[in-house]
2 protein chains.
Amino acid sequence: MTAEPPVPATGSTDGEPAQRRRRDAAETRQLLLDAARQRFARDGYAATTVRDIADDAGVNVALISRYFTSKEGLFEACLRAAGDELRRTTGQTPADRVPEAIARHIADLGAAGLSSQLSLLLRSSGDAGADEIRRAVLVRSSEQLAAARGWRPGEPGSEQLLLRAQMALAAGIGVAVLRSSIRLEPLSSATEQDLVGPLRDLVDALLPPS
Amino acid sequence: MTAEPPVPATGSTDGEPAQRRRRDAAETRQLLLDAARQRFARDGYAATTVRDIADDAGVNVALISRYFTSKEGLFEACLRAAGDELRRTTGQTPADRVPEAIARHIADLGAAGLSSQLSLLLRSSGDAGADEIRRAVLVRSSEQLAAARGWRPGEPGSEQLLLRAQMALAAGIGVAVLRSSIRLEPLSSATEQDLVGPLRDLVDALLPPS
DNA sequence: CCGGCAAGTCAACATATGTTTACTTGCGGC
DNA sequence: GCCGCAAGTAAACATATGTTGACTTGCCGG
């Protein structure tokens with residue numbers, strides 16, 4: 001079927017869709033990143049141990065230090081990845097499709113069953129570097145959101161609009177956390193379809209379409 | 001001036017408004033509770049150490065175990081206190097005043113400069129008991145919120161209303177966290193006055209006044 | 001005034017956790 | 001085929017942290 005040499009899966013049955021090459025630094029790095037994003041988003045930074053992450057990824061703990069320098073380096077990498085993802089969404093989305101995009105982000109459990117990456121944005125590591133990255137991501141996202149509704153930097157009376165955009169972002173993040181981390185019902189089992197209506201009402205109320 | 005015996009303050013100048021009696025279990029307990037609520041809300045459960053809390057409260061670490069059994073016992077006590085406070089608010093507030101009440105909760109830094117207690121509600125200790133308390137608080141609050149807008153338990157099509165109430169609650173919590181924990185500007189320095197307008201729009205959009 | 005007891009202190013302990021170091025394994029070019 | 005080097009492993013280390021137990025202090029009723 002494939003040119004890949006037969007590789008014994010970690011467990012007895014091959015659970016992973018793409019069987020991994022046996023020694024591949026890039027893939028191992030990605031496995032760690034995925035496992036860390038999920039853990040950090042769901043449990044928070046301090047509650048997550050590097051051994052948890054390594055076990056989830058099925059690799060050795062020491063590789064975290066090797067590939068990301070430290071636990072905090074790994075966290076910063078996660079933050080950057082989530083930021084890129086979010087920027088891609090808010091950048092490409094036309095103004096009137098923002099609620100759908102947010103709803104998809106919240107409802108989306110990702111390819112690997114990830115908790116929403118939005119949750120990651122309010123997790124804090126206590127590290128100044130990570131805090132700065134997260135703040136930058138949030139500032140940029142809220143500015144993109146506000147700009148789509150007419151906000152221009154420095155324009156008088158425009159601060160209001162930025163504030164409202166940040167509140168919309170906060171709402172999305174709050175919903176994501178109550179869903180994926182707290183698991184509040186019925187919010188937790190609501191589908192993307194269930195969420196998009198209320199979210200549209202919410203976003204439109206905060207940021208009236210021009 | 002007062003019947004209190006002259007008591008040397010902890011520091012050189014008496015910073016506390018009410019000078020504390022030297023050996024008062026009830027007051028010490030409360031000091032711990034206040035310090036813990038602030039720390040847990042701002043930094044999260046795992047990132048907060050019992051020594052931090054004890055130092056903030058100006059008492060010995062061992063008293064945490066004595067008065068609250070364990071760190072988790074203290075956290076549960078904080079959760080209960082925050083729940084009582086929130087219930088008092090959502091219970092007493094007439095339906096059309098809910099946005100103001102939430103805005104006050106978010107903007108209010110409390111008597112002792114506390115971060116908003118709302119933030120506490122999404123902090124997780126990983127402990128099953130604490131999770132259950134938090135879930136109960138959130139469920140009750142969202143039900144009270146939904147009930148004020150016509151929700152009745154089990155009524156068909158009413159689930160929608162509960163979902164929307166939970167999203168409003170999530171929005172409030174999200175704003176509280178981005179304000180007090182992440183310190184996102186300009187959201188962080190917004191006053192109660194700045195917040196109440198957008199919050200009214202938000203709540204009314206999610207839960208239209210009958 | 002004083003003895004009992006609650007309130008508070010101190011130091012030690014067990015353990016969990018991030019990180020490092022020395023070692024082993026196996027892939028890929030020659 | 002085989003050797004070097006990157007990829008991966010295992011164990012040890014230093015430390016931070018929750019908790020406990022023995023000890024001290026000072027308030028209060030008699």
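Remember, it's a predicted structure, so these values are computed and weren't measured experimentally. Chain letters run A, B, ... following the sequence lines, proteins first and then strands; every chain starts at 1.
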Which one, [options], comes nearest to the side chain of [X]?
| X | options | answer |
| --- | --- | --- |
| B:R23 | D:dG18, C:dG8, D:dG8 | C:dG8 |
| A:N60 | D:dA10, D:dT19, C:dT19 | D:dA10 |
| B:A25 | C:dT17, C:dA7, C:dC10 | C:dA7 |

Item to complete: Assign A:T49 to base, sugar-phosphate, or nothing according to its heavy-atom contacts below 4.0 angstrom with the strands shown.
Response: sugar-phosphate
Practice prompt. Quick one: label B:Y67 by what it contacts on the DNA or RNA (base, sugar-phosphate, nothing), any heavy atom closer than 4.0 Å.
Written response: sugar-phosphate
Rounded to whole angstroms, how far apart are [atom1] on [X] and [atom2] on [N]?
| X | N | atom1 | atom2 | answer |
| --- | --- | --- | --- | --- |
| A:L63 | C:dT19 | CG | C1' | 13 Å |
| B:Y45 | D:dT17 | OH | P | 13 Å |
| A:F75 | C:dG18 | CZ | C1' | 16 Å |
| A:E27 | D:dA7 | CD | P | 13 Å |
| A:I64 | C:dT19 | CD1 | P | 9 Å |
| B:D127 | D:dG18 | CG | P | 14 Å |
| B:L32 | D:dG18 | CG | P | 14 Å |
| A:K71 | C:dT17 | NZ | P | 9 Å |

Worksheet item: Would you find more than 12 non-hydrogen atoms of other residues, nucleotides or ligands less than 6.0 Å from B:R97 atom CZ?
Response: no
Worksheet item: Just wondering, are more than 12 heavy atoms of other shown residues or ligands nearer than 6.0 Å to CZ in B:R135?
Response: yes
Worksheet item: B:A62 or A:A47: which one's nearest nucleotide on DNA chain C is closer to the 5' end?
Response: B:A62
Item to complete: Check whether any side-chain N or O of A:T28 sits under 4.0 Å from OP1 or OP2 of D:dA7, and answer yes or no.
Response: no
Fill in: B:R87 and B:Q144: side chain donor to acceptor below 3.5 Å
no
Item to complete: Using only heavy-atom distances, determine whether the side chains of B:T48 and B:R123 contain a donor-acceptor pair under 3.5 Å.
Response: no
Item to complete: Could you tell me whether B:E76 and B:K71 make a salt bridge, using a distance below 4.0 angstrom between a side-chain N and a carboxylate O?
Response: no
Fill in: Most 5' of A:R66 and A:R51 on DNA chain D, judged by nearest nucleotide
A:R66
